Amino acid sequence: MPRKIGTGVQSFSKLRERGSFFVDKTEFISDWWNSDDDVTLITRPRRFGKTLNMSMLECFFSPEYAGRADLFEGLNVWNDPEMRGLQGSQPVIFITMAKIKGTTYEDFLRQMNTTMMSVYSRYEDFVSKSEKISADKKEIFRLMYMEMVETMLKKSEKKVNTDLLIQSIAFLSELLSIHYGKNVIILLDEYDTPMVESYVNKYWDETAAFMRTFFNTTFKSNPYMYRSVLTGITRVSKESLFSDFNNIEICTLSAVKYQEYFGFTEEEVFAAMDEYGLTNKDEVKYWYDGFTIGELKDIYNPWSVTNFLGKKKFAPYWANTSSNKLVSDLLREGDAELKSDFEYLLCGGTVTKQINEELVYSQLDKTRDSVWSLLTMSGYLKINSINGKNYELEIVNHETLEMFEGLISNWFAEGDRYSNFIKALLLNDLKYMNQFMNDLSVSMFSSFDTGKKPSEKTEPERFYHGFVLGLLVDLRDRYAVTSNRESGFGRYDVLLEPLDKEKDDAMIFEFKVIDKDEEKTLEDTVAAALKQIEEKKYEQILIDKGVKKDRIRKYGFAFEGSRVLIGE
């Protein structure tokens, strides 16, 4: 009889006590222990088993679980007599920052306070009853804990004591070390959640300064720490958080170390399907395969596979576990080249980009490569090959493709009007196209977007170029959409090549911002854009592919601030 599916259960002890479905990753315990690294940072995409593996480490080493051989009997780690002797032998502090998602810096501090209060509450009774901890230190612990409680209860009155929070884990480490006569293993899960939220909500600098000090006190200068493991989705830059660290082992998606312990291998997935009597392995591969970790290919997302085993239904389970706001914002606000490259990925192509696995969040909205780095390290794109810093990238699988298509379809709240713009384009309804672009420009685009600042003369063209590319995504079933490619004697802005040359017209778009020195009106700018299409012979690539000249439409897009004029 197949094991029960414990969907969403991230507690190792609960899974084992209930006899629920579990893929044995316990060799991670012995591999980590024998590596002897002081501080280990492991980054993996969300829902990749990070929290479960951290819970597994806690259950194995913490004295709270001493004598719980039942949790590990029959698993790989228990085959090693030396490791069996270590079970329950090391004091452990387990912290998760998964719920620290403040919309302001003050929110962040209060949620950090609540998180530390939750950690302290687990040890309140333990500390008070210990015969090895002095009365003075017990009183300090009590006062620290009570201040955390009072801060939580009196949200509008009491200011968060940041110094207390910064020292909280280091002091708790000291107390556990005194009691057990051993230094402490510290496990910190989802360390980067507060960092991502602070970036999205624009209070990055304050949070980075706080976390840098907290990390230094907890991991770098804590004499009572034995070893530590941190997990997260991204590797935040050393300058942001780990500038003082020289004792950290970093294992990102490209690292071979621990490559097999997060995510399911194909062998593990197919064995699980056999257990549940499922035979549609090609479909499972199509939907959920495709991740690459280290040298291992064909890695599956555990969350998606586990949900599929339980529900026996194909759906984008992983894609629906997060708002994906940061990814959506970066893609929507990206320039024309980013959108063009992403369009190519959506059509099944690959792109080669320079990837830096150490993310500098302050650069995400400034450099295109930073966006590709985030998409790759977060698991949205798979790595086909690596040549130095050049990574060949591809959308991971069908589930991820569905997620991206959903993101793009939600970019515009205008819904029906958005669809109507595409219809108007196909019908060559210039009146509606102009009305749509001008209405949307006034209601949605800021002066920064449309480049009213004199110093940003080229920004409007880039912005509208990228925006129009976003609109054209829905035409992928009828057109190959390309951007900034060579044809004739230059590089066109956007070209739509019909998949059915007998049914649909081809189209060429040229974008141009009014040049007051050369053009008096937007009509003049449209004429200049159309003239450039002709002089540069952008249509040549279409003619070479068999498109008839009279089936090629040419559009000039002219911009002045938030005013738009489209002509042909």
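The structure presented is a predicted model; accordingly, all values stated were derived computationally and were not measured.
- The residues E295 and K257 are annotated as not salt-bridged, no charged nitrogen and carboxylate oxygen being separated by less than 4.0 angstrom.
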### Query
Going through the distances and angles, do F291 and L296 end up as a side-chain contact (heavy atoms from CB on, under 4.5 Å)?
CA-CA 9 Å; F291 295 92; L296 293 181; over 6 Å; no
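- Judged purely by atom type and a 3.5 angstrom limit, R16 uses its side chain to pair as donor or acceptor with the backbone of L71.
- S130 places no side-chain N or O within donor-acceptor distance of the main-chain N or O of V127, the cut-off being under 3.5 Å.
- For T193 and E190, the side-chain atoms include at least one donor-acceptor pair closer than 3.5 Å.
- Side-chain contact between Y276 and I5 is present, with heavy atoms from C-beta onward closer than 4.5 Å.
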### Message
Set out, in order, the CA-CA distance, both residues' side-chain angles and the distance that settles ring pair (Phe, Tyr, Trp, His ring centres under 6.0 Å) for Y317 and F308, then state yes or no.
### Response
CA-CA 8 Å; Y317 299 110; F308 171 74; 7.8 Å; no
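- Annotation: cation-pi geometry satisfied between K281 and F270 (NZ/CZ under 6.0 angstrom from ring centroid, within 45° of ring axis).
- To the nearest 0.5 angstrom, S385 atom OG is 8.5 Å from L393 atom CG.
- Counting only heavy atoms from C-beta outward, the side chains of W303 and T7 approach each other to under 4.5 Å.
- With a 4.5 Å cut-off on side-chain heavy atoms, M225 and V39 count as touching.
- Judged purely by atom type and a 3.5 angstrom limit, K220 has no side-chain atom pairing as donor or acceptor with the backbone of F242.
- Scanning both residues, V184 and S177, for their nearest heavy atoms gives CG2-N, 4.1 Å.
- With S221 contributing its side chain and N216 its backbone, the two residues share a donor-acceptor pair below 3.5 Å.
- Salt bridge present: R235 and E358 bring a charged side-chain N and a carboxylate O closer than 4.0 Å.
- A donor-acceptor contact shorter than 3.5 Å is absent between the side chain of S378 and the backbone of L375.
- Residue N387 places its CG atom among 12 or fewer non-hydrogen atoms of other residues, nucleotides or ligands, all under 6.0 Å distant.
- In this structure, F171 has its ring center no closer than 6.0 Å to that of F141.
- With respect to the salt-bridge test (charged N to carboxylate O, under 4.0 angstrom), the residues K285 and D298 qualify.
- Side-chain rings of F22 and F12 approach one another, their centers coming within less than 6.0 Å.
- Annotation: side chain of L188 is in contact with side chain of F219 (closest heavy-atom distance under 4.5 Å).
- Side-chain N/O atoms of D24 and T26 include a donor and acceptor closer than 3.5 Å.
- The aromatic rings of F61 and W32 sit perpendicular to each other, their planes meeting at more than 60°, with 30° as the lower class boundary.
- Looking at R227, its side chain does come within 3.5 Å of a backbone N or O of W33 through a donor-acceptor pair.
- With values rounded to the nearest 0.5 angstrom, S118 atom OG is found 10.0 Å from M152 atom CE.
- With ring centers used as reference points, F28 lies under 6.0 Å from Y258.
- Taking the ring centroids of Y180 and F126, they lie under the 6.0 Å cut-off.
- Side chain of E392 to backbone of I386: no donor-acceptor contact under 3.5 angstrom is found.
- Aromatic ring centres of Y300 and W318 lie farther apart than the 6.0 Å criterion allows.
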### Message
Between D80 and R84, does the salt bridge (charged side-chain N to carboxylate O under 4.0 Å, His left out) criterion hold? Intermediate values first, please.
### Response
CA-CA 6 Å; D80 185 338; R84 286 202 300 268; over 6 Å; no
### Message
Run the side-chain hydrogen bond (donor to acceptor under 3.5 Å, both in side chains) test on D31 and Y261 for me, step by step, so that the C-alpha distance in whole Å, both residues' side-chain angles and the decisive distance to 0.1 Å come before the verdict.
### Response
CA-CA 10 Å; D31 274 9; Y261 299 128; 2.6 Å; yes
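- Atom CZ of residue F48 and atom OG of residue S304 lie 8.5 Å apart, to the nearest 0.5 angstrom.
- Formation of a donor-acceptor pair under 3.5 Å by the T114 side chain with backbone atoms of R110 is found in this model.
- The aromatic ring centroids of Y65 and F60 lie 6.0 Å or more from each other.
- Residues F314 and H398 place their aromatic rings such that the two centres sit no closer than 6.0 Å.
- Summarising the local packing, NZ of K312 is surrounded by more than 12 heavy atoms from other residues, nucleotides or ligands at distances under 6.0 Å.
- The closest side-chain heavy-atom distance from M83 to F72 is not below 4.5 Å.
- Annotation: the span from S373 atom OG to I355 atom CD1 amounts to 4.0 Å, rounded to 0.5 Å.
- For the pair K297 and E266, the salt-bridge criterion is not met [side-chain N within less than 4.0 Å of a carboxylate O].
- No donor-acceptor pair under 3.5 Å is formed between the side chain of T376 and the backbone N or O of L381.
- Other residues, nucleotides and ligands contribute more than 12 heavy atoms inside 6.0 Å of the CD atom of E73.
- No more than 12 heavy atoms of other residues, nucleotides or ligands sit less than 6.0 Å from atom CG of D282.
- Counting heavy atoms from C-beta on, the side chains of M195 and T207 come closer than 4.5 Å.
- Using a 4.0 Å cut-off between charged nitrogen and carboxylate oxygen, E139 and R142 count as a salt-bridge pair.
- Side chain of E394 to backbone of V351: no donor-acceptor contact under 3.5 angstrom is found.
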### Task
Evaluate the salt bridge (charged side-chain N to carboxylate O under 4.0 Å, His left out) criterion for residues K382 and D289: first the C-alpha distance (whole Å), next the side-chain angles of each, then the deciding distance (0.1 Å), finally the verdict.
CA-CA 10 Å; K382 70 177 176 181; D289 180 24; over 6 Å; no
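- The aromatic rings of F214 and F210 sit parallel to each other, their planes meeting at less than 30°, with 60° as the upper class boundary.
- Looking at M97 and M211, their side chains come closer than 4.5 Å, going by heavy atoms from C-beta outward.
- Here the side chains of D38 and I248 are not in contact, with every heavy-atom distance at 4.5 Å or above.
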### Query
Going through the distances and angles, do D107 and T103 end up as a side-chain hydrogen bond (donor to acceptor under 3.5 Å, both in side chains)?
CA-CA 6 Å; D107 278 349; T103 55; 2.7 Å; yes
